[in-house]
Amino acid sequence: MPFRKIYAVVAAAALLCVADKAICQVNTVDVRVNALLAKMTLEEKIGQLNQYNGNWEATGPVSQVGDKIAAVKAGRVGAVLNIMGTEHVKAFQDAAMQSRLKIPLLFGQDVIHGYSITFPIPLAQAASWDMEAIERAERVAAIESAASGINWTFSPMVDIARDPRWGRVMEGAGEDPFLGSKIAVARVKGFQGKGLGSPDAIMACAKHFVAYGAAIGGRDYNSVDMSLHSLWETYLPPFYAAQQAGVATFMNSFNDLNGIPASGSSYLQRDILKGKWNFKGFVVSDWGSIGEMVSHGYVKDNYEAAAVAIQAGSDMDMESGSYIGHLKQLVTDKKVDVRLIDDAVRRILRKKFELGLFENPYRFIDAKREQTLLYTPENLAVAREVARKSIVLLKNDQHLLPVTSGKSIGLIGPLVKAKRELKGFWSLNVNLGEDIPSLMDGLHAQLPDAPLLYAPGCGITDSSRAGFEEAVAVARKSDVVIMAMGEAPDMTGEAKSRSSIHLPGIQEELIKAIVATGKPVVLVLMAGRPMVFDWASEHVPTIVYAWWLGSQGGYAMADVLLGKYNPSAKLPMTFPRSEGQIPIYYNHYSTGRPPASDTDRFYKSAYTDLLNSPRYAFGHGLSYTSFAYSDLKWERTGKENIKVSFQVKNTGDYAGEETSQLYIHNIVSRPLRPVKELKGFKKVFLQPGETKAVTIVFTKEELCSYNEKLEKVVLPVACQIMIGSASDDIRLQTATINNIFSEPL
Ligand code: GLC
């Protein structure tokens with residue numbers, strides 16, 4: 001666009017300013033975007049929609065495109081991913097600066113739970129129910145990433161998941177839309193900080209849009225088939241929360257939803273995201289997902305895939321080569337309107353301007369910052385704190401924990417010395433020399449003089465009992481045995497669905513052999529998913545779930561086991577008794593024949609061969625102390641809010657933090673509502689004997705659900721407010737409330 005035209009646009013805007021202050025916020029970014037767009041050739045526009053993998057590990061099947069640097073110089077690339085370190089990032093940005101219009105590249109990376117410092121896996125962090133802690137973790141990740149050339153993370157993954165066979169449960173926030181929405185907001189705020197343009201703010205990316213976690217059978221990439229009611233009620237809310245929090249980008253998902261691949265769904269990307277929700281950022285495809293519409297059988301070739309995807313609102317093509325290979329021809333063939341391409345380009349350029357990349361394409365590429373801001377002691381301390389908060393105490397019969405000093409401790413199991421494993425899936429090899437403290441290291445550090453006896457006993461997956469004898473001997477010599485068992489870290493993550501989620505190998509046999517010695521056993525389980533460990537749940541008195549805790553894992557585990565930190569975490573996902581129970585989740589409908597007890601099967605919705613309850617319920621997590629609840633009150637404050645208050649008392653001997661949970665028990669609702677829905681939670685720290693008043697407020701909008709027309713207007717006809725320490729541990733409840741927002745006070 002010639003300068004005089006730009007001047008006219010700006011002058012017109014100025015005149016409008018005089019007319020109406022509200023328009024004074026003329027978005028100069030949009031003016032700059034349009035000015036640049038006007039200079040771009042069609043090839044250069046299409047280049048901005050093209051993303052290639054860089055030179056780090058591939059996180060999907062790599063397209064063979066030859067010299068990527070040359071492609072960047074030719075203006076055929078708008079973003080890259082998996083480039084590690086400022087030196088490599090600079091090489092690619094240098095190439096972009098040699099292109100005709102010098103449009104800077106975006107550099108994306110899966111910063112899923114930390115960059116140089118690895119934090120607990122997201123599902124573990126979700127167990128903290130601590131939004132400040134989660135935001136702090138992502139803030140550290142953003143600071144480290146931005147110092148290393150990364151300006152875009154493909155995180156947070158906000159997929160609701162109710163099937164622990166799916167390996168990617170490790171990457172999300174569990175089964176609940178309310179908790180998942182709060183965590184989505186915390187993660188977006190952590191990554192984007194004070195807003196794009198700040199030196200340590202990176203673009204966040206809400207993924208995978210949408211319902212990827214509902215893959216049939218928990219089998220990754222499998223089809224998803226669900227009612228739109230379930231989609232709106234359960235799977236969309238965390239994405240909406242991320243969008244409301246200002247997330248810069250979305251990533252679509254591999255799965256087909258009700259017969260349409262997400263990459264080709266106008267309903268999802270245009271009607272809902274860019275239409276109803278008015279999303280102004282851009283949508284990147286998941287790795288190759290545009291081209292995979294051929295494998296889905298939705299299109300016959302990549303030419304058709306490119307047309308369908310751009311029309312459906314997929315703005316950027318990650319690694320399928322469909323856009324760069326076919327969009328120009330599609331425009332020539334009048335199969336695609338260039339205005340669709342212009343819209344996608346605008347969305348991408350807008351983010352590059354907001355990031356400040358046009359002012360300084362190298363603002364994220366500063367080797368000095370990379371050397372000084374990564375892996376700092378204060379940020380390692382944040383990682384240790386978040387890890388402690390993520391550890392769930394599942395049971396503590398006989399109060400074996402915390403282990404008191406002076407006892408001889410036997411350490412048994414294949415994960416006692418696990419170090420690198422503690423990083424879990426989606427961790428980055430940035431700090432190759434990193435010495436990650438194992439559980440044994442953590443105990444040694446705090447008990448330098450304690451006689452720690454050790455035997456691995458068995459491997460994670462092998463079937464050899466050769467180590468049992470040594471392990472039993474260690475147990476016999478110990479006052480207390482700590483067993484560290486679980487999965488391998490690559491048993492969860494992408495393409496890691498398992499048909500059996502039992503403890504792998506013969507680990508359960510080893511547990512039986514050690515329990516048979518009669519010694520007190522503390523079982524520490526590490527995994528990226530809820531596992532099934534039924535025999536241990538029945539026969540081991542104390543069980544701790546330590547997930548994959550990251551760079552400070554061993555120290556955090558020792559802090560909890562030795563009582564330096566009183567565990568406070570709560571499960572963000574239901575633990576089934578068997579794979580046969582899956583899917584099992586707390587916020588289910590009643591059915592017409594709800595079992596009246598755990599063993600009620602007589603013409604009831606139950607299995608004849610299994611108890612009805614899960615092994616451990618959503619929201620479950622114990623403490624070294626105990627808490628009593630009293631004095632529940634509720635009132636409507638104004639037209640839109642309900643304020644609930646109650647007292648919590650620490651009735652034990654340890655100071656500790658309780659996560660009080662507020663559930664709505666839906667008694668009558670049309671359409672049906674889940675029997676219970678989380679609508680609030682509050683963490684409260686109490687000294688022994690201390691009592692505090694707790695207040696939780698929820699809104700009418702939060703209480704609404706969808707009618708048959710998918711309007712969010714339905715309120716429960718009759719309900720109760722419940723306060724609990726877990727979804728299956730309700731401590732207080734109101735009488736039945738009829739028409740909660742209309743009943744006279
Ligand atoms: C992967 C994942 C996605 C990730 C992307 C880039 O296949 O599905 O979550 O962000 O590719 O690595």
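Read the numbers this way: they start at 1 and go in the same order the structure lists the ligands and their atoms. Keep in mind it's a predicted model, so treat the numbers as computed, not measured.
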Checklist entry - Just checking, is any N or O donor in the side chain of K352 or Q48 under 3.5 Å from an acceptor N or O on the other one? => result yes
Checklist entry - Should the pair F254 and H208 be assigned to parallel (<30°), tilted (30 to 60°) or perpendicular (>60°) ring geometry? => result parallel
Next on the checklist: Checking side-chain polar atoms at under 3.5 Å, does S145 have a donor or acceptor matched by the opposite partner on S148?
Outcome noted: no
Item to check | Check: F250 ring centroid to F279 ring centroid under 6.0 Å | outcome: yes
Checklist entry - Under a 4.0 Å heavy-atom cut-off, what residues line ligand 1? => result T59, L81, D110, F154, R168, K207, H208, M251, F254, D286, W287, M318, E494
Checklist entry - Looking at Y52 versus W287, is the centre-to-centre ring distance below 6.0 Å? => result no
Next on the checklist: Under the criterion side-chain hydrogen bond (donor to acceptor under 3.5 Å, both in side chains), I'd like the reasoning laid out for Y235 against D159: C-alpha separation, chi angles, the key distance, then a yes or no.
Outcome noted: CA-CA 7 Å; Y235 292 86; D159 300 305; over 6 Å; no
